[in-house]
Number of protein chains: 2
Amino acid sequence: MGDVKREVARAINLMSDNDLRVTPEREAVLEVLAENIGAHPSAEDIYLATMERHPGIGLATVYRTLDALERVGIVSKLELGASGSRYELNTDVGGHFHHHLICIGCGRITEFNQDLLEHLEKEIEDSTGFQITDHSLRFYGYCAKCREAAKGGETSRS
Amino acid sequence: MGDVKREVARAINLMSDNDLRVTPEREAVLEVLAENIGAHPSAEDIYLATMERHPGIGLATVYRTLDALERVGIVSKLELGASGSRYELNTDVGGHFHHHLICIGCGRITEFNQDLLEHLEKEIEDSTGFQITDHSLRFYGYCAKCREAAKGGETSRS
DNA sequence: GTCTATATGAGAATGAATATCACTTTCGAT
DNA sequence: ATCGAAAGTGATATTCATTCTCATATAGAC
């Protein structure tokens, strides 16, 4: 789902605009990212998927590509302590104001759209002098599936 | 600032309550944590400071202690992708509803108290079926000091 | 096509965090 | 107070994600 070609073309334009060279390796990575929107793949996941499309690509190149794409805003990196980071293509639609719901049962990551933080950021800047350039809001807990799977246990909790 | 002895005593009680053994090593780590509230030290920082109080302690013990203390809620671990995690004693006062302002200039971490998320959590649980057990809200940007130091550059940004 | 800065692949290196294992200590039961 | 099983410790090896190194290859401006 989603227009893979369109997203890749858009990303390639952004690369040129930012003086990043467009190489076959980077295109392959972009295609993988565009085909996996919402999946939040790890660098390893992306590496393995890119291998099928561009055999011989090195893991280091995947990391370098993701890093370069992140620096110019084409991808977002979601840093999860241990267990490595996850990456996602910043789609045209969708905007940047989504936060993550991270299931501590199965590890699945889903998204939640919300703009509420704008107001809070202004309040923080005024009261602390801290100039905010980015934020990260995550919720940890159990997704519907994992709750289902755990049925039979205690349902209420004080 | 802050009552180190009181915080350590409180933490030790919590340890007993949670079947964690109270060892000299753990007490030393707790003292270091209580003396560094607000400093957000890394495991290495804590290790070095604890060494002065309890020479011979191993780095692994510091990690194990921090991990054990986190599991029972005595300390909070702030995971920062690379550059390792930071730790903080959960003080009696202060509560758990503070978020972090992380300066990408100097790395300093400060706090911001806010309760706004309660309402949002309920909304998410109702609309997605995701049962939230914890959350993490961080703001990245430049602290007042770093902004000061950078004076003279561009002030506005589209 | 030429040229030069940039990208790539392979594998070594890094660094935070964890595992291993023999030894020691805590703390409840006696 | 002492005993003993369970838990904790120190030293160090190990893991694993990520980055670095360096020789080679290629993109893209001219």
Side-chain angles (χ1 to χ4, degrees), chain A residues 8 11-30 32 40-72 74-87 107 109, chain B residues 11-30 32 40-72 74-87 107:
Chain A
V8 171
I12 287 176
N13 283 337
L14 284 171
M15 287 179 69
S16 300
D17 293 350
N18 286 279
D19 298 312
L20 286 183
R21 290 187 181 170
V22 180
T23 68
E25 291 83 1
R26 290 177 172 183
E27 290 190 79
V29 168
L30 279 174
V32 167
H40 304 279
S42 66
E44 187 77 19
D45 294 336
I46 295 165
Y47 169 62
L48 293 175
T50 306
M51 272 293 236
E52 291 173 15
R53 177 180 310 276
H54 188 98
I57 191 172
L59 178 55
T61 295
V62 172
Y63 274 106
R64 282 183 295 227
T65 297
L66 292 170
D67 191 50
L69 295 177
E70 195 209 358
R71 277 199 305 269
V72 300
I74 296 173
V75 313
S76 290
K77 180 180 182 178
L78 181 55
E79 298 192 342
L80 309 175
S83 83
S85 297
R86 306 305 195 82
Y87 300 84
I109 299 171
Chain B
I12 288 177
N13 282 337
L14 284 170
M15 288 180 69
S16 300
D17 292 351
N18 286 280
D19 298 312
L20 286 182
R21 291 187 180 170
V22 179
T23 68
E25 291 83 1
R26 291 176 171 183
E27 289 189 78
V29 168
L30 279 174
V32 167
H40 303 280
S42 66
E44 188 76 19
D45 293 336
I46 295 165
Y47 169 61
L48 293 175
T50 307
M51 272 293 235
E52 291 173 15
R53 179 182 308 277
H54 189 96
I57 192 172
L59 178 57
T61 296
V62 172
Y63 274 106
R64 283 183 293 227
T65 297
L66 292 170
D67 190 51
L69 294 177
E70 195 209 358
R71 278 199 305 270
V72 301
I74 295 174
V75 314
S76 291
K77 179 179 182 178
L78 181 56
E79 297 192 342
L80 310 175
S83 83
S85 298
R86 305 306 193 82
Y87 300 85

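Lettering of chains follows the sequences in order, A, B, ..., and the numbering in each one begins at 1. The structure displayed is predicted, hence computed values, not measured ones.
As a whole-Å value, the separation of A:D67 CG from D:dT18 P is 11 Å. Distance B:L66 CG to C:dA16 C1': 13 Å, rounded to the nearest Å. Rounding to whole angstrom units, NE2 of residue B:H54 and P of D:dG8 are separated by 15 Å. Between the CG atom of A:D45 and the P atom of D:dT18 there is a distance of 11 Å, given to the nearest Å. Atom-to-atom, CG of B:L80 to P of C:dA17 comes out at 9 Å; the value is rounded to the nearest Å. Per the geometry, CG belonging to A:L20 stands 15 Å off C1' belonging to C:dT8, to the nearest Å. Distance A:I46 CD1 to D:dT18 P: 10 Å, rounded to the nearest Å. Here D:dA27 presents its P atom at 12 Å from CE of A:M15, a figure rounded to the nearest Å.
Each of D:dG10, C:dT26, C:dG9 was ranked by its minimum atom distance to the side chain of A:I57; first place goes to C:dG9. Each of D:dT9, C:dA7, C:dT26 was ranked by its minimum atom distance to the side chain of B:P24; first place goes to C:dT26. Taking every side-chain heavy atom of B:R26 into account, D:dT9 is the closest of C:dG11, D:dG28, D:dT9.
Residue B:R64 is classed as a base contact, given a heavy-atom separation below 4.0 Å to a base. Backbone-only engagement by A:S85 is indicated by non-hydrogen atom pairs under 4.0 Å involving sugar-phosphate atoms exclusively.
Distance alone, capped at 3.5 Å, places no donor-acceptor pair between the A:R86 side chain and the A:L80 backbone. B:D45 places a side-chain N or O within donor-acceptor distance of the main-chain N or O of B:S42, the cut-off being under 3.5 Å.
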Carefully, step by step, assess B:V72 and B:L14 under the rule side chain to side chain contact (heavy atoms under 4.5 Å, CB included). CA-CA 8 Å; B:V72 301; B:L14 284 170; 5.8 Å; no

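For C:dT18, neither phosphate oxygen OP1 nor OP2 lies less than 4.0 angstrom from any side-chain nitrogen or oxygen of B:Y63.
Across the interface with DNA chain D, nearest-nucleotide mapping of A:L59 and B:T61 shows B:T61 to be the residue nearer the 5′ end. Both B:A82 and B:V22 sit near DNA chain C, but only B:A82 has its closest nucleotide nearer the 5' end.
Side-chain N/O atoms of A:S16 and A:N13 include no donor and acceptor closer than 3.5 Å. For the residue pair A:T50 and A:R53, no side-chain donor N or O sits within less than 3.5 Å of a side-chain acceptor on the partner.
The base of D:dA6 lies close enough to the side chain of B:R21 for a donor and an acceptor atom to sit less than 3.5 Å apart.
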